[in-house]
Chemist: 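Once you've had a glance at the structure underneath, I'll fire off some questions.
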Amino acid sequence: MLIHDLKGEDSMLDEQVVVSPAPHVNDLLTTENAMRQVGLALAPAALFSIWAFGWRALLLIVLSMGTAVLTEYIIQKLQKKPTTIADGSAALTGLLLALTVTPQLPGWMIVIGAVVAIGLAKHIFGGLGHNPFNPALIGRAFMLASWPVAMTTWVWPANSLGWAGSKVNAIAGATVLNLDKMGTLNQLGLKVPYLNLFIGNIAGSLGETSALLLLLGGLYLLMTKVIDWRIPVSFLGTVVVLSLVFQKDPLFQILAGGVFLGAFFMATDWVTSPVTPKGRIYFGIGCGTLTMLIRIFGGYPEGVCYSILIMNAVTPLLDRMTIPKRFGEVKARA
Amino acid sequence: MIILFFNKISILRGEQMRAKTFRGGIHLHYCKEATANQPIMEMPEPKQVILPVQQHIGAPAQVCVNVGDPVKIGDLVATAQGFVSVPIHASIAGKVTEIKEYPQASGRKVTSVVIENDFSGASRLLAVKPLDQYTAPEIKELMQQIGLVGMGGAGFPTHVKYSPPKDKTLEMVILNGAECEPYLTCDHRLMVEQPDRVILGLQAMMKAAGVAVGYIGIEVNKPDAIARLTGEAASDPRIKVVPLEVKYPQGEEKMLIKSVAGRVVPAGGLPADAGVVVNNIATAVTLAGALTDGLPLISRVVTVTGAVSKPQNLKVRLGTLVSELVEFCGGFSGTPGRIVLGGPMTGPAQYRLDLPVVKNTSGVLVQERGQIKLLSSSTCVRCAHCVDVCPYKLMPCLIVNAIEAGNLAQAEAYGLMDCRECGSCTFVCPAQRPIIQTVKSAKTKIIAARKKK
């Protein structure tokens with residue numbers, strides 16, 4: 001962009017004007033704005049987790065976001081590159097990472113997780129826009145592999161809205177997906193607590209508990225066009241369809257665990273999902289399918305994280321295979 | 001506000017439901033309120049005009065006057081050189097004072113004829129006869145004779161469009177009344193104020209093309225234009241007014257053909273491949289003027305808007321300087337930050353105001369300093385918004401990445417050469433990447449390389 005000084009005798013303008021290529025108007029959604037919007041969309045779920053799980057939740061969120069931003073700053077300083085922490089993407093990664101862990105997690109673990117997410121998953125590949133895998137999910141996968149017990153020690157919310165206090169207290173320390181996997185829900189003769197699942201009155205990681213608030217956040221992102229409908233719809237749709245196929249309760253399958261967080265906030269990550277419309281649909285179907293396969297046949301009770309990471313790896317292939325037909329393209333061109 | 005209001009009315013009337021459209025594209029702030037209801041104002045003749053010999057796509061015209069020659073309005077000052085070329089006419093009466101290289105909106109210098117006005121108003125007009133006494137070849141000849149070009153932006157000689165290769169048959173003429181560029185209202189006003197001329201021009205075009213189907217596509221944010229033209233077209237059952245969704249780039253040739261006629265122009269092809277000729281509203285009105293008044297293309301309507309004291313639609317003689325238009329509109333209001341000739345989506349920004357109005361100058365948009373956000377571009381975050389809005393279903397982000405990696409062949413595979421440079425991708429890009437600029441320069445390189453071979 002050029003600012004032209006107009007003081008020559010050729011011109012009658014005595015002001016500087018901008019001489020830039022068209023278009024001369026822009027959409028308001030910049031990368032920074034988009035990051036802010038996603039943060040805003042996650043805020044209700046994050047605040048709910050602080051209310052439900054207390055100061056430990058707040059501590060984990062602050063540690064994770066702070067470490068992520070600081071890591072990015074240090075790496076870019078070391079590389080003598082311009083720092084981009086102001087674009088908000090590192091802070092967002094930190095927030096997303098915090099929302100995927102149990103409130104019981106020791107603080108130092110999430111610090112290491114955030115360093116891995118930003119350093120290993122993002123900046124090794126060249127920073128924002130170049131990372132093949134979702135940084136927050138790489139951070140979580142790293143922590144799950146390193147400290148499997150600490151990462152899966154669950155607690156029920158300290159503040160809760162009624163379901164706690166029943167015989168469920170006896171099984172504190174497991175998520176509903178654990179219970180389902182072990183068949184405990186049936187053994188205890190418990191009904192599936194749909195309402196509690198929906199509002200988030202259950203054990204689980206910080207951000208995945210309240211399906212309602214995640215759904216609101218997701219809808220907000222859809223409405224503001226930060227994310228496209230294709231990935232969440234095909235992801236959730238596949239989970240429902242496969243639940244029916246494997247005779248699982250579809251409502252339970254989408255409300256429990258990290259499906260909402262994954263479908264609206266993780267799988268839709270711009271950088272690591274396909275750019276073609278069809279590619280995004282296949283991506284969502286892949287995520288949903290892998291999630292259900294892991295839940296039903298895998299060793300883990302939950303598979304959202306790994307399913308998205310695996311599909312991240314397939315993204316370049318999906319892009320290449322699903323280039324749309326051009327307007328007016330007569331036959332497939334070579 | 002007005003546009004919102006009109007949209008509401010049209011939704012109530014079910015217009016929005018019937019409005020035809022294409023897939024992709026973007027919704028913009030149209031900012032047309034300032035001039036949409038302002039009648040066209042005829043600007044007094046300027047003291048002098050500067051007439052470049054190339055105001056069209058094709059071969060430059062050849063100067064046919066000498067310094068010192070007296071000229072009347074309508075006299076030739078430059079003659080067409082070959083088929084894809086049109087002549088240039090004197091837009092005022094007076095004396096040729098200079099023939100010199102003079103800069104144009106594109107930045108290039110072009111041979112230009114300077115005429116000083118003697119304010120005699122003397123004119124040399126064409127003989128006039130009713131349309132039904134014309135044959136198709138005569139109308140095509142008239143088109144070239146009056147220097148008619150596409151006045152919506154590209155400036156392509158009109159008569160060439162009506163002479164398709166022998167293996168292609170024309171089936172319909174579509175008039176482009178979409179005016180999808182924000183701020184511009186010159187076509188809107190022509191449709192409202194001179195519907196009879198719009199229809200007469202279209203009838204002449206249909207006769208030239210030898211077709212019995214004529215459409216006028218108009219975005220539904222111009223209900224008054226739709227109403228006036230529908231009324232005017234009632235007497236000719238061959239002509240239909242088609243309401244279109246308000247969406248950019250509704251007026252882009254290929255999208256307009258898709259919206260109005262449901263036809264798809266093959267990639268890399270011309271409208272004639274789909275049996276269609278598309279012309280602009282102002283082009284039709286100018287042709288009608290030649291038929292009724294014997295006037296060649298010597299003036300046009302220009303929307304002067306944005307940060308000027310009195311935004312309005314001005315009818316000006318070709319060759320009038322942009323600075324005179326701004327002055328006539330009361331000068332700048334506030335500090336000018338960017339001056340655009342045409343609409344903000346495709347018009348080139350200028351660094352000087354002493355440029356002549358030419359045949360395809362549709363607007364002068366002054367953006368205030370405060371409105372302009374100078375955002376630096378950052379890395380592509382693969383959001384795919386460009387992919388979603390591209391009306392031609394190209395892969396803008398991948399094209400630009402390929403170009404930046406020096407892989408032009410890959411960029412071509414992603415559809416580089418099918419890009420029509422509407423700018424939708426660049427508008428939505430959250431990383432402010434200069435997609436269109438990159439595409440334009442890469443296309444130039446490829447075309448130059450092809451010519452070498």
Side-chain angles (χ1 to χ4, degrees), chain A residues 1-6 8 10-13 15-35 82 84 87 89 126-130 225-228 230 269-277 279-280 315 319-320 323-330 333-334, chain B residues 26 28-29 182 254 258 264-269 323 335-340 344-354 365 367 369 372-376 378-385 387-388 391-395 397-398 414-415 418 423 426-432 434 436-437 440:
Chain A
M1 215 166 283
L2 208 87
I3 301 205
H4 216 284
D5 195 355
L6 283 170
D10 267 347
S11 160
M12 58 165 288
L13 276 169
E15 300 283 347
Q16 285 192 329
V17 289
V18 176
V19 182
S20 53
H24 308 293
V25 282
N26 282 99
D27 204 356
L28 298 172
L29 188 79
T30 59
T31 304
E32 297 79 46
N33 284 343
M35 298 292 170
T84 58
D87 70 17
S89 75
L128 182 66
H130 306 290
K225 303 211 166 155
V226 174
I227 61 170
D228 177 53
R230 289 179 179 83
D269 173 37
W270 285 350
V271 179
T272 55
S273 59
V275 290
T276 63
R280 275 172 258 159
T315 292
D319 273 343
R320 195 172 294 190
I323 297 290
K325 214 168 126 180
R326 269 171 258 171
F327 181 84
E329 191 170 337
V330 188
R333 286 200 216 172
Chain B
I26 52 179
L28 295 161
H29 292 291
K254 289 188 178 185
K258 179 76 176 70
V264 174
V265 178
S323 54
T335 316
R338 185 157 47 199
I339 291 140
V340 180
M345 287 303 291
T346 56
Q350 301 301 326
Y351 68 94
R352 53 195 296 165
L353 281 182
D354 52 352
L365 167 62
Q367 289 179 317
R369 172 72 56 84
I372 301 170
K373 294 188 201 91
L374 290 175
L375 297 161
S376 52
S378 52
T379 179
C380 172
V381 284
R382 296 172 42 86
C383 70
H385 290 179
V387 178
D388 291 339
Y392 316 100
K393 304 240 169 61
L394 310 178
M395 304 294 299
C397 52
L398 300 186
Y414 288 133
D418 287 320
T426 316
F427 174 84
V428 296
C429 182
Q432 320 286 333
I436 287 299
Q437 197 186 9
K440 276 185 186 170

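Since we're looking at a predicted model, the values are computed, not measured.
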Chemist: Is the shortest side-chain heavy-atom distance between A/Val19 and B/Gln350 below 4.5 Å?
Modeler: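 With C-beta onward as the side chain, the pair stays apart.
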Chemist: Is B/His29 close to chain A through its backbone or its side chain, or both, or neither, when contacts mean heavy atoms under 4.5 Å?
Modeler: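 It is neither, since no heavy atom gets under 4.5 Å.
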Chemist: Step by step, work out the side chain to side chain contact (heavy atoms under 4.5 Å, CB included) result for B/Val381 and A/Leu128.
Modeler: CA-CA 7 Å; B/Val381 284; A/Leu128 182 66; 3.6 Å; yes
Chemist: So, taking the atom named NE2 in A/His130 and the one named OG1 in B/Thr379, what distance separates them when rounded to the nearest 0.5 Å?
Modeler: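 Going from the NE2 atom of A/His130 to the OG1 atom of B/Thr379 covers 3.5 Å.
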Chemist: Can you say whether B/Leu365 sits under 4.5 Å from chain A via the side chain, the backbone, both, or neither, judging by heavy atoms?
Modeler: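 When you check distances to chain A, no heavy atom of B/Leu365 falls under 4.5 Å.
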Chemist: Check each atom of B/Val340 against the heavy atoms of chain A and say whether the ones under 4.5 Å are side chain, backbone, both or neither.
Modeler: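 Side chain of B/Val340 only, per the 4.5 Å heavy-atom cut-off to chain A.
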Chemist: Considering only heavy atoms, which portion of A/Ile227 lies under 4.5 Å from any heavy atom of chain B: side chain, backbone, both, or neither?
Modeler: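 Neither part; nothing is under 4.5 Å.
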Chemist: Based on non-hydrogen pairs under 4.5 Å, which of B/Ala384, B/Pro266, B/Gly423, B/Cys383 is most in contact with chain A?
Modeler: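 Greatest number of close heavy-atom pairs with chain A: B/Cys383.
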Chemist: List the atom of B/Pro344, the atom of A/Ala22, and the distance in Å for their closest heavy-atom pair.
Modeler: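 So the two residues come closest at O-CB, 4.4 Å.
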Chemist: Give me the atom names and distance for the closest heavy-atom approach of B/Met345 to A/Val25.
Modeler: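 Here B/Met345 and A/Val25 meet closest at SD-CG2, 3.6 Å.
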Chemist: Enter the distance from A/Trp270:CH2 to B/Cys380:SG here, rounded to the nearest 0.5 Å.
Modeler: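 A/Trp270 atom CH2 to B/Cys380 atom SG measures 10.0 Å (nearest 0.5 Å).
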Chemist: Is a side-chain N or O of B/Thr426 found less than 3.5 angstrom from the main chain of A/Pro23, in a donor-acceptor match?
Modeler: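 Such a contact is absent between B/Thr426 side chain and A/Pro23 backbone.
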Chemist: Counting only heavy atoms closer than 4.5 Å, note whether B/Val387 contacts chain A via side chain, backbone, both or neither.
Modeler: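 Side chain of B/Val387 only, per the 4.5 Å heavy-atom cut-off to chain A.
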Chemist: Hey, could you give me the CG/CD distance between B/Asp418 and A/Glu329, rounded to the nearest 0.5 Å?
Modeler: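 It is 8.0 Å, given to the nearest 0.5 Å.
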Chemist: Relative to chain B, which of A/Leu28, A/Thr31, A/Thr272 shows the most heavy atom pairs under 4.5 Å?
Modeler: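 Of A/Leu28, A/Thr31, A/Thr272, A/Thr31 has the most heavy-atom pairs under 4.5 Å with chain B.
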Chemist: Determine whether B/Arg352 and A/Val17 make a side-chain contact, defined as any pair of heavy atoms from C-beta on separated by less than 4.5 Å.
Modeler: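 No, their side chains stay 4.5 Å or more apart.
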Chemist: Can you tell me which portion of A/Asp269 sits under 4.5 Å from chain B's heavy atoms? Options are side chain, backbone, both or neither.
Modeler: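 Neither part.
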Chemist: Of all heavy-atom pairs between A/Ile323 and B/Tyr414, which one has the smallest distance, and what is that distance?
Modeler: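 The answer is CD1-CE2, 3.5 Å.
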Chemist: Which heavy atom in B/Arg382 sits nearest to a heavy atom in A/Val275, and how many Å separate them?
Modeler: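 Heavy-atom minimum between the residues: O-CG1, 3.7 Å.
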Chemist: Quick one: closest heavy-atom pair of B/Ala349 and A/Val18, and the distance?
Modeler: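 Scanning both residues, the minimum pair turns out to be CB-O, 4.1 Å.
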Chemist: Contact between B/Tyr392 and A/Arg326 at the side-chain level, heavy atoms closer than 4.5 Å - yes or no?
Modeler: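 No, their side chains stay 4.5 Å or more apart.
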Chemist: How far apart are the closest heavy atoms of B/Gln367 and A/His24, and which atoms are they?
Modeler: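 Where B/Gln367 meets A/His24 most closely, the heavy atoms are NE2-O, 3.0 Å.
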Chemist: For the CD1 atom of B/Ile372 and the CG atom of A/Asn26, what is their distance to the nearest 0.5 Å?
Modeler: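 Result: 11.0 Å between the selected atoms.
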Chemist: So which residue, B/Gly347, B/Pro391, B/Ala431, B/Gly269, ends up with the most heavy-atom pairs under 4.5 Å with chain A?
Modeler: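 Between B/Gly347, B/Pro391, B/Ala431, B/Gly269, the count favours B/Gly347.
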Chemist: Could you tell me which portion of B/Pro348 (side chain, backbone, both or neither) has an atom closer than 4.5 angstrom to a non-hydrogen atom of chain A?
Modeler: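 Backbone of B/Pro348 only, per the 4.5 Å heavy-atom cut-off to chain A.
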Chemist: Tell me, for A/Ser273 versus chain B, whether the close heavy atoms (under 4.5 Å) come from the side chain, the backbone, both or neither.
Modeler: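 Backbone only.
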Chemist: About how many Å separate NE2 of B/His385 and CG of A/Asp27, when rounded to the nearest 0.5 Å?
Modeler: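 Reported to 0.5 Å precision, the distance equals 8.5 Å.
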Chemist: Side chain, backbone, both or neither: which part of B/Pro182 has a non-hydrogen atom closer than 4.5 Å to chain A?
Modeler: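 Neither the backbone nor the side chain of B/Pro182 comes within 4.5 Å of chain A.
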Chemist: In terms of heavy-atom pairs under 4.5 Å, which option from B/Asp388, B/Ile26, B/Val264 contacts chain A the most?
Modeler: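 Highest number of pairs under 4.5 Å: B/Asp388.
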Chemist: Side chain, backbone, both or neither: which part of B/Lys258 has a non-hydrogen atom closer than 4.5 Å to chain A?
Modeler: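 It is the side chain, since no backbone atom gets that close.
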